[in-house]
K.L.:
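Shown below is the structure under consideration.
These numbers come from a predicted model, not from an experiment.
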Amino acid sequence: MKIDQAPESVVRLTDRVYYLPHFEPTDRPILGYVRGDRYSLAIDAGASPAHVSNFYRALDAEGLPHPTYTVLTHWHWDHAFGMSCVEGATVASCATNELLAEEARLSAIDETYWDGMRRETRGFADEYPIGSIPTIVQSDIQFEDTLTFDLGGVEVRLFRSVAPHTDDSVLVHIPQERVVFLGDSVYGMCDEQGEHSVDRTKLEVLAATVRGLDCEWFAQGHWEPLDAVGIEEDLDPVEEQ
């Protein structure tokens, strides 16, 4: 299987921030990690139990404790479907939990739901081959708009933001380390015909929010972290002719 070649090591971005790189062949996103003096926190729960196991093996190899908390940047399967098997407490916005509940409801009443995902969604069949299905759960802790964690020596701030990708987008800001995890917030969406588009009004609001954070590193869901210069191409794309 393709996921057998997924990254096996975390990358140290700053003194307290690490990440497991994305895996382009199956579209696995970055999984982030913040090490505090008392607690630790993961950003996103991954696509599947296999993704979570991959992440924890990489943490073990670095001598890093498994996360006390795992927070979601949004509800999409590749960021959330590993939540049923993570260790510690899980955290998501109320909006994300509502969308996960609706996904669970729809899949329960349509026996062909997951077959459609295997046909139409890149990477899904690698994580969930025929005969297996995701376990969709909601988080242990939920919040409306903002939530801050004191991990000991470092704080992590979660806050909802307008974004072109999903209406439940959450940014994960680590001010002391000058890092923000953006999830997939800067990306557009594909319609039922596969056409990609970006709501530029929402992107402008997101761009203003991100620029106001005074960060050095910007970690997106499906790319390597970018510096302040590199992120500008995604925050201010050239208008299509």
K.L.:
Group every Ile, Leu, Val, Met, Phe, Trp and Tyr by side-chain heavy-atom contacts under 4.5 Å, then state whether I30 and V71 land in the same group.
P.N.:
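Yes, one cluster joins them.
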K.L.:
Quick test of your reading of the model: are R12 and E62 salt-bridged, counting only N-O distances below 4.0 Å?
P.N.:
no
K.L.:
Do L171 and L203 belong together in a cluster built from hydrophobic side chains that touch within less than 4.5 Å?
P.N.:
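Shared cluster, yes.
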K.L.:
Count the heavy atoms of every other residue, nucleotide or ligand shown that sit under 6.0 Å from CG of D150, and state whether that count exceeds 12.
P.N.:
yes
K.L.:
Would a distance-only check, ignoring hydrogens and angles, find a side-chain to backbone donor-acceptor pair under 3.5 Å from E224 to P21?
P.N.:
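Flag not set: sc E224 to bb P21 has no pair under 3.5 Å.
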K.L.:
Which residue, I43, L64, V10, T70, forms the side-chain contact (heavy atoms from CB on, under 4.5 Å) with Y33?
P.N.:
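When I43, L64, V10, T70 are each tested with Y33, the side-chain contact (heavy atoms from CB on, under 4.5 Å) holds only for L64.
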K.L.:
To the nearest 0.5 Å, tell me how far L158 CG sits from S93 OG.
P.N.:
9.5 Å
K.L.:
With side chain to side chain donor-acceptor pair (under 3.5 Å) as the test, pick out the partner of D78 among H22, H51, H222.
P.N.:
H222
K.L.:
Could you check if a side-chain atom of F81 sits within less than 4.5 angstrom of a side-chain atom of E103, using non-hydrogen atoms only?
P.N.:
yes
K.L.:
Before you tell me yes or no, could you show the steps for F149 and Y69 under ring pair (Phe, Tyr, Trp, His ring centres under 6.0 Å), namely the whole-Å CA-CA distance, both residues' side-chain angles and the distance that decides it to 0.1 Å?
P.N.:
CA-CA 9 Å; F149 288 89; Y69 306 100; 4.6 Å; yes
K.L.:
Does any donor atom in the side chain of H74 or D167 lie under 3.5 Å from an acceptor atom in the other side chain?
P.N.:
no
K.L.:
Do side-chain atoms of Q176 reach the backbone of E155 as a donor and acceptor pair under 3.5 angstrom?
P.N.:
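Side chain of Q176 to backbone of E155, a donor-acceptor pair under 3.5 Å: no, none is there.
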K.L.:
Evaluate the criterion side chain to side chain contact (heavy atoms under 4.5 Å, CB included) for residue pair L72 and V91; output intermediate values, then yes/no.
P.N.:
CA-CA 6 Å; L72 298 188; V91 185; over 6 Å; no
K.L.:
With rounding to the nearest 0.5 angstrom, report the CZ to SG distance, F181 to C215.
P.N.:
10.5 Å
K.L.:
State plainly whether one hydrophobic cluster holds both L226 and L235, where clusters connect Ile, Leu, Val, Met, Phe, Trp and Tyr through side-chain heavy atoms under 4.5 angstrom apart.
P.N.:
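Yes: a chain of side-chain contacts under 4.5 Å links L226 to L235.
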K.L.:
State whether the number of non-hydrogen atoms from other residues, nucleotides or ligands found under 6.0 Å of W223 atom CH2 is greater than 12.
P.N.:
no
K.L.:
Would you check if there is a donor-acceptor pair between the side chains of E87 and Y56 at a distance under 3.5 Å?
P.N.:
no
K.L.:
Can you confirm whether H173 sits close enough to V156 that some side-chain heavy atom of one is under 4.5 Å from a side-chain heavy atom of the other?
P.N.:
no
K.L.:
Could you report the tightest heavy-atom contact between A50 and E127, atom names first, then the distance?
P.N.:
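Reported closest heavy-atom pair: CB-OE1, 4.3 Å.
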K.L.:
In this structure, are over 12 heavy atoms from other groups packed under 6.0 Å from I130 atom CD1?
P.N.:
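Counting other residues, nucleotides and ligands, CD1 of I130 stays at 12 neighbours or fewer.
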K.L.:
Do V198 and F218 sit in one hydrophobic cluster, given that two such residues count as connected whenever their side-chain heavy atoms are within less than 4.5 Å of each other, even indirectly?
P.N.:
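Yes, V198 and F218 fall within the same hydrophobic cluster.
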K.L.:
For residues L100 and A80, report the shortest heavy-atom separation together with the two atoms involved.
P.N.:
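For L100 versus A80, the nearest heavy atoms are CD2-CB, 4.0 Å.
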K.L.:
Mind listing the closest non-hydrogen atom pair of G82 and V52 along with its distance?
P.N.:
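Smallest interatomic distance, heavy atoms only, reads O-CG2, 3.6 Å.
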K.L.:
Let's go through T146 and R160 carefully: what are the C-alpha distance in whole Å and the side-chain angles of both, what is the deciding distance for side chain to side chain contact (heavy atoms under 4.5 Å, CB included) to 0.1 Å, and is it a yes or a no?
P.N.:
CA-CA 7 Å; T146 65; R160 296 215 20 218; over 6 Å; no
K.L.:
Check this for me, if you would: do D115 and R118 make a salt bridge, where the nitrogen-to-carboxylate-oxygen distance has to be below 4.0 angstrom?
P.N.:
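Yes, D115 and R118 are salt-bridged.
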K.L.:
Can you tell me how far apart CD1 (I133) and OG (S107) are? Round to the nearest 0.5 Å.
P.N.:
7.0 Å
K.L.:
Please tell me if the side chains of L31 and Y19 come closer than 4.5 Å, counting only heavy atoms from C-beta onward.
P.N.:
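SC-SC contact between L31 and Y19 ruled out.
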K.L.:
Taking the six-membered ring of F159, is NZ or CZ of R157 closer than 6.0 Å to its centre and within 45° of its axis?
P.N.:
yes
K.L.:
So, taking the atom named CG in L99 and the one named NE2 in H76, what distance separates them when rounded to the nearest 0.5 Å?
P.N.:
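It is 8.0 Å, given to the nearest 0.5 Å.
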K.L.:
Does some side-chain heavy atom of R16 sit less than 4.5 Å from a side-chain heavy atom of I174?
P.N.:
no
K.L.:
I'd like to know whether the aromatic ring centres of W114 and Y128 sit less than 6.0 Å apart in this structure.
P.N.:
no
K.L.:
Looking only at heavy atoms, what is the nearest atom pair of P67 and L59, with distance?
P.N.:
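What the structure gives for the nearest pair is CD-CD1, 4.0 Å.
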K.L.:
Side chains of R28 and N54: closer than 4.5 Å at any heavy-atom pair?
P.N.:
yes
K.L.:
Are the side chains of L206 and V162 in touch, meaning some heavy atoms are under 4.5 Å apart?
P.N.:
no
K.L.:
If you round to the nearest 0.5 Å, how far is OH of Y39 from OG1 of T68?
P.N.:
7.5 Å
K.L.:
For E24, is there any backbone N or O sitting under 3.5 Å from a side-chain donor or acceptor partner on R122?
P.N.:
yes
K.L.:
Could you tell me if the side chain of F143 sits less than 4.5 Å from the side chain of V170, heavy atoms only?
P.N.:
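When only atoms from C-beta onward are counted, F143 and V170 do touch, with a gap below 4.5 Å.
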K.L.:
Have D184 and H79 got a donor and an acceptor in their side chains that come within less than 3.5 Å?
P.N.:
yes
K.L.:
Considering the options I136, T90, D140, T135, which one meets the side-chain contact (heavy atoms from CB on, under 4.5 Å) requirement together with M83?
P.N.:
T90
K.L.:
Does any non-hydrogen side-chain atom of D15 lie less than 4.5 Å from one of E177?
P.N.:
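Yes, at least one pair of side-chain atoms sits under 4.5 Å.
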K.L.:
To the nearest 0.5 angstrom, please state how far the NZ atom of K202 sits from the OG atom of S169.
P.N.:
9.0 Å
K.L.:
If the test is side-chain contact (heavy atoms from CB on, under 4.5 Å), which one of L182, T73, D44, V179 qualifies with V172?
P.N.:
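Of all the options given, the one that passes is T73.
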K.L.:
Testing the 3.5 Å rule here: is there a donor-acceptor pair between the side chains of T96 and D168?
P.N.:
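Yes, because at least one side-chain N or O of T96 sits under 3.5 Å from a partner of the opposite role on D168.
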K.L.:
Between S185 and P164, is there a donor-acceptor pair closer than 3.5 Å when you use the side chain of the first and the backbone of the second?
P.N.:
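No.
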K.L.:
Any side-chain donor-acceptor pair under 3.5 Å between N97 and S139?
P.N.:
yes
K.L.:
Which heavy atom in A101 sits nearest to a heavy atom in Q138, and how many Å separate them?
P.N.:
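That would be CB-NE2, 3.8 Å.
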K.L.:
Check E144 against C94 and note the closest heavy-atom contact, atom names and distance.
P.N.:
OE2-SG, 3.7 Å
K.L.:
May I ask whether F23 and Y18 are part of the same hydrophobic cluster, defined by side-chain heavy atoms of I, L, V, M, F, W, Y residues being less than 4.5 angstrom apart, directly or through others?
P.N.:
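Looking at the clustering, Y18 is in a separate group from F23.
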